[in-house]
Amino acid sequence: MAKGSNGHGSSWLRRSYNFIDKDPECDVFRTLYQKEHIKETDLAVLAGLSVTTVKKMFGGDTRQPRHSTFAKMAGAMGYHYGLQRDEKPNYDAEIPKARDEFKAHKEALRKKREREARRSK
């Protein structure tokens, strides 16, 4: 379940949702869209979105689209956008790990604040 640190910040921040430059769902939707062979403008109209919203998402300018944007685009292409459980988490094992990672994250933030305070003096 948990993903370790990828060298970009706290592992606690990236435990279950790991992306660096943009939401990976953007690529999933771009792939689906390309298979549909319709224009971005047509997808926007079908989804009830602005053409700019669709173009920015597929062009990489929008890094974290809203859930509603994904849901509208999925519906426009005939897909249901929702939750699907991959496996039931082992809470007894994962919660202690997550707590330890959160403590380490808070400690790293504390040290960062201290460094910044020393620099500003």
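None of these values were measured; they are calculated from a predicted model.
- To the nearest 0.5 Å, atom CD of residue E107 and atom NZ of residue K103 are 11.5 Å apart.
- For E116, there are no salt bridge (charged side-chain N to carboxylate O under 4.0 Å, His left out) partners at least two apart in sequence or on another chain.
- When the side chains of ILVMFWY residues are joined at heavy-atom separations under 4.5 Å, either directly or via intervening members, Y33 and Y79 end up in a single hydrophobic cluster.
- Between M57 and P65, the shortest heavy-atom contact is SD-CG, 3.6 Å.
- Taking CZ from R85 and CD from E87, the interatomic distance works out to 9.5 Å, rounded to the nearest 0.5 Å.
- Side-chain contact between D23 and F70 is present, with at least one heavy-atom pair separated by less than 4.5 Å.
- Comment: E114 engages R110 in a salt bridge, judged by a side-chain N to carboxylate O separation of less than 4.0 angstrom.
- Remark: the backbone N or O of G75 is not paired with any side-chain donor or acceptor of Y81 at under 3.5 angstrom.
- A distance of 9.5 Å separates CG of L46 from OG1 of T41, quoted to the nearest 0.5 Å.
- V51 and M77 fall into different hydrophobic clusters, defined by Ile, Leu, Val, Met, Phe, Trp and Tyr side-chain heavy atoms under 4.5 Å apart, directly or through other members.
- Both M73 and L32 sit in one connected hydrophobic cluster of ILVMFWY residues. Membership requires side-chain heavy atoms under 4.5 Å apart, directly or through other members.
- Looking at heavy atoms from C-beta onward, T62 lies out of side-chain contact with T53 at the 4.5 angstrom threshold.
- The closest side-chain heavy-atom distance from F29 to L43 is not below 4.5 Å.
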